[in-house]
Amino acid sequence: MGKIVVDQLGQKWAIVFRGSLGIVVMNDNGTIDDFSDDKYKKLNDIIGNGHLPSPTVNTLEVDQDGQIWVGTDKGIAVFYAPSEVFGGGNFDAQQILIEQDGHAQYLLETQSVTAIAVDGANRKWIGTANGGAFLMSADGTKQIQHFDETNSPLLSKSITAITINQQTGEVFFGTDKGIVSYKGDAIEG
């Protein structure tokens with residue numbers, strides 16, 4: 001298993017690394033010691049079963065709206081309705097369509113997304129395997145900043161982790177060459 005996050009409903013979302021299986025979601029119905037009411041679901045790239053851009057999931061994060069942001073080796077996907085995973089409705093992840101140079105494309109579709117962090121303004125800090133780090137608007141449709149080793153003190157364009165001190169707004173970037181921080185401008189309310 002890889003990274004595990006808990007959504008606002010108490011559902012546990014975990015990355016499954018072995019065989020690039022995607023994500024497993026578990027709901028213990030608030031009774032962690034009673035296995036009889038537990039529900040599990042494996043999510044992958046199949047329509048109706050998660051519809052991720054790729055079953056190779058590198059990272060995931062819960063944003064302030066309760067949406068699950070997933071970083072794969074083929075970009076970003078978002079579960080806008082995590083409550084529907086066990087609710088019977090359409091819960092498939094959606095990719096974010098953006099305009100770049102007059103063309104429509106999916107957000108970071110050619111990048112392997114390795115890290116996602118959410119700041120106090122619900123903006124997304126996204127790290128990639130070889131494209132540096134991006135600060136995106138809360139809905140992911142607008143790029144606010146892009147950092148790499150040519151335009152910032154970032155030590156490498158290979159980002160391995162991102163975390164944010166929510167009290168100060170300081171953003172920490174883990175790279176394949178070390179750690180560096182950036183004084184962000186959004187803190188928790």
Euclidean distance, Leu135 CG relative to Ile144 CD1, rounded to 0.5 Å: 4.0 Å
Smallest separation among heavy atoms of Leu9 and Asp7, with atom names: N-OD1, 2.9 Å
Positive for side-chain contact (heavy atoms from CB on, under 4.5 Å) with Ile23, one of Val70, Val16, Val85: Val70
Within one Ile-Leu-Val-Met-Phe-Trp-Tyr cluster: Tyr106 and Leu52, side-chain cutoff 4.5 Å: no
Gap between atom NZ of Lys142 and atom CD1 of Ile96 - 0.5 Å precision: 11.5 Å
Asn165 side-chain N/O to Val171 backbone N/O, donor-acceptor pair under 3.5 Å: no
Check: Trp13 ring centre within less than 6.0 Å of Phe79 ring centre: yes
Considering all heavy atoms, the nearest Ile68-Pro82 contact: CG1-CB, 4.1 Å
Distance-minimising heavy-atom pair for Thr72 and Pro53: OG1-CG, 3.8 Å
Donor-acceptor pair, side chain of His51 and main chain of Gln95, under 3.5 angstrom: no
Point-to-point distance, once rounded to the nearest 0.5 Å, from CD1 of Ile15 to CG of Leu60: 4.0 Å
Polar contact flag, side-chain donor to acceptor under 3.5 angstrom, Ser181-Glu170: yes
Working for salt bridge (Lys or Arg N to Asp or Glu O under 4.0 Å), residues Lys3 and Glu61: CA-CA 9 Å; Lys3 183 174 182 177; Glu61 191 65 51; 2.8 Å; yes
Between CG on residue Asn44 and CG on residue Asn49, distance to nearest 0.5 Å: 4.5 Å
Inter-residue atom distance Ile76.CD1 - Thr59.OG1, 0.5 Å rounding: 8.5 Å
Test log, rule salt bridge (Lys or Arg N to Asp or Glu O under 4.0 Å), inputs Asp28 and Lys12: CA-CA 9 Å; Asp28 61 23; Lys12 289 75 177 170; 3.2 Å; yes
Closest non-hydrogen atom pair, Val118 against Gln166: O-NE2, 2.8 Å
Side-chain (Asn122) to main-chain (Gln64) donor-acceptor, under 3.5 angstrom: yes
Check against side-chain hydrogen bond (donor to acceptor under 3.5 Å, both in side chains), Asp176 and Ser156: CA-CA 7 Å; Asp176 61 345; Ser156 168; 2.6 Å; yes
Near-ring test Phe147/Tyr182, centroid separation under 6.0 angstrom: yes
Sidechain-backbone polar pair: Thr160 side chain, Gly174 backbone, donor-acceptor under 3.5 Å: yes
Basic-acidic side-chain contact under 4.0 Å: Arg123, Asp185: yes
Ser158 side chain vs Ala129 backbone, donor-acceptor pair below 3.5 Å: yes
Gly48 versus Phe91, closest heavy-atom pair with distance: O-CZ, 3.9 Å
Same cluster (ILVMFWY, side-chain, under 4.5 Å), Leu107 and Val113: yes
Asp119 side-chain N/O to Ala121 backbone N/O, donor-acceptor pair under 3.5 Å: yes
Closest contact, heavy atoms only, Asn130 versus Lys157: O-CD, 3.1 Å
Under 3.5 Å: donor-acceptor pair, side chain of Thr175, backbone of Leu155: no
Donor-acceptor under 3.5 Å (Asp139 side chain, Thr141 main chain): yes
Asp92 side chain vs Gly50 backbone, donor-acceptor pair below 3.5 Å: yes
Pair Ser36, Asp34: side-chain N/O donor-acceptor within cut-off below 3.5 Å: yes
Expected output: side-chain Ser152 to main-chain Leu154 donor-acceptor under 3.5 Å: yes
ILVMFWY network linking Val78 to Val5, side-chain heavy atoms under 4.5 angstrom: no
Between Ser54 and Asp45, a side-chain donor and acceptor under 3.5 Å: no
Residues, nucleotides or ligands: over 12 heavy atoms within 6.0 Å of Ile179 CD1: no
Separation of Glu109 CD from Lys74 NZ (nearest 0.5 Å): 10.5 Å
Cluster link Leu43 to Val62, ILVMFWY, side chain under 4.5 Å: yes
